[in-house]
Amino acid sequence: MEILLDIIRSVDYNILLLIADKLRGGVLDPVMTMLSLMGNGGAVWITLALLLLFFRKTRRAGAAMLLAMLVGFLVGNLWLKELVMRPRPFVTHSDLTALLAPGDRWSFPSGHAATALWCFHKKAGALALVLAAFIAFSRLYASVHYPTDVLAGMLIGIALAHAAAFLTDRIIDTFHSIRLRKGDK
């Protein structure tokens with residue numbers, strides 16, 4: 001098991017080193033920093049979800065995104081990050097430098113809400129997934145997350161977003177049914 005973990009750590013490090021050596025130091029630095037900052041604290045996703053709540057056609061997607069982010073925060077940030085406690089790449093490897101202050105000590109990222117939007121609106125969700133992928137890559141570019149942490153966060157985020165979409169549908173349908181029944185009386 002330790003050999004497998006050593007291989008994963010080596011692959012993680014070599015990917016980050018490749019990104020740092022081949023891509024960093026040019027015009028991409030401010031672009032990737034801006035993308036990474038957009039994802040901090042879920043700012044772009046919270047803003048989008050709140051906007052979606054204002055329109056009847058997108059309300060379920062907004063609610064599902066907020067639910068996915070809440071559960072993602074609880075599972076990813078409050079539980080898994082503290083359980084795994086993996087130091088950031090730039091802390092573990094002195095030859096990697098962070099482009100930005102990550103905000104906390106641990107590398108394991110939280111999931112993304114883009115999948116929840118995709119569950120309800122495929123075209124807009126696809127654009128959100130592309131943005132989420134760019135933000136995820138920006139975290140690697142900035143040396144604040146390991147590739148396997150981003151991959152794990154993505155898989156957890158996808159699962160939680162699907163669960164949030166399912167629950168949102170059921171909850172809203174239940175309230176709608178109750179409201180219709182009350183209107184019949």
Side-chain angles (χ1 to χ4, degrees), residues 7-52 61-62 65-66 68-73 75-78 80-82 84-119 121-161:
I7 291 170
I8 290 169
R9 287 182 195 117
S10 176
V11 169
D12 267 351
Y13 170 67
N14 285 319
I15 290 170
L16 293 176
L17 197 57
L18 180 71
I19 291 168
D21 287 347
K22 301 295 181 192
L23 298 177
R24 279 181 59 176
V27 69
L28 278 179
D29 284 8
V31 172
M32 291 297 168
T33 300
M34 182 200 63
L35 276 169
S36 201
L37 291 173
M38 282 175 57
N40 276 359
V44 69
W45 307 117
I46 292 169
T47 302
L48 179 58
L50 291 174
L51 286 172
L52 294 175
M65 288 176 71
L66 289 173
M69 285 184 282
L70 173 63
V71 176
F73 174 76
V75 170
N77 289 57
L78 297 184
L80 282 174
K81 262 189 184 189
E82 296 302 319
V84 175
M85 292 192 302
R86 188 176 191 190
R88 303 255 180 200
F90 66 90
V91 172
T92 307
H93 305 282
S94 60
D95 52 342
L96 296 173
T97 55
L99 282 184
L100 51 104
D104 62 29
R105 301 182 325 184
W106 310 125
S107 175
F108 202 87
S110 57
H112 297 284
T115 302
L117 176 57
W118 181 84
C119 288
H121 302 282
K122 300 296 188 228
K123 289 180 184 178
L127 291 174
L129 288 168
V130 169
L131 177 59
F134 278 121
I135 291 171
F137 180 75
S138 76
R139 301 303 175 100
L140 302 178
Y141 187 95
S143 295
V144 295
H145 287 308
Y146 288 99
T148 52
D149 293 344
V150 170
L151 178 62
M154 178 189 74
L155 294 174
I156 291 166
I158 289 169
L160 293 176

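In this chain, residues are counted from 1 in sequence order. In this text, all values refer to a predicted model and were calculated from it rather than measured experimentally.
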Do V31 and F134 have side-chain heavy atoms sitting under 4.5 Å apart?
no
For T148 and I8, work out which heavy atoms get closest and say how close.
CG2-CG2, 3.6 Å
Could I get the full list of side chain to side chain contact (heavy atoms under 4.5 Å, CB included) partners for A61, not counting sequence neighbours?
L52, L117, F120, H121
The single option from V75, L155, T115 passing side-chain contact (heavy atoms from CB on, under 4.5 Å) against L160:
V75
Check whether more than 12 heavy atoms from other residues, nucleotides or ligands sit under 6.0 Å from atom NZ of K122, and answer yes or no.
yes
List the steps, then state whether side chain to side chain contact (heavy atoms under 4.5 Å, CB included) holds for H93 with L17.
CA-CA 10 Å; H93 305 282; L17 197 57; over 6 Å; no
What distance do D149 atom CG and M154 atom CE have between them, rounded to the nearest 0.5 Å?
12.5 Å
Return the NZ to CZ distance between K81 and R105, rounded to the nearest 0.5 Å.
11.5 Å
So which heavy atom on V144 is nearest to which on L100, and how close?
CG1-O, 3.9 Å
Work out which heavy atom in A114 is nearest to a heavy atom in A132; give both atom names and the distance.
CB-CB, 4.1 Å
Please name the pair of heavy atoms, one in F90 and one in A98, separated by the smallest distance, quoted to 0.1 Å.
CD2-CB, 3.5 Å
Is the shortest heavy-atom distance from the side chain of M65 to the side chain of I46 under 4.5 Å?
no
Between D29 and R24, the two heavy atoms sitting closest are OD1-CA, 3.6 Å
If I compare all heavy atoms of W118 with all of A126, which pair ends up nearest, and what's the gap?
CD1-N, 3.8 Å
W45 side, atom CH2; M69 side, atom CE - distance, nearest 0.5 Å:
9.0 Å
With rounding to the nearest 0.5 Å, note down the distance linking CG in L140 to CD1 in I135.
12.5 Å
Rounded distance (nearest 0.5 Å) linking atom CG of L37 with atom OG of S138
8.5 Å
Backbone of S107 reached by a side-chain donor or acceptor of H145 within 3.5 Å
yes
Within a strict 4.5 Å, meaning less than it, do heavy atoms of the R9 and Y146 side chains meet?
no
Considering only heavy atoms from C-beta outward, does the side chain of R86 approach that of D12 to under 4.5 Å?
yes
I'd like to check N40 versus R139 (side-chain heavy atoms, cut-off strictly below 4.5 Å). Are they in contact?
yes
Is T47 reaching over with its side chain to a backbone N or O of A43, donor-acceptor style, under 3.5 angstrom?
yes
Taking Y141 as the fixed residue, which of L16, L23, L35, T33 is the one that meets the side-chain contact (heavy atoms from CB on, under 4.5 Å) rule?
L23
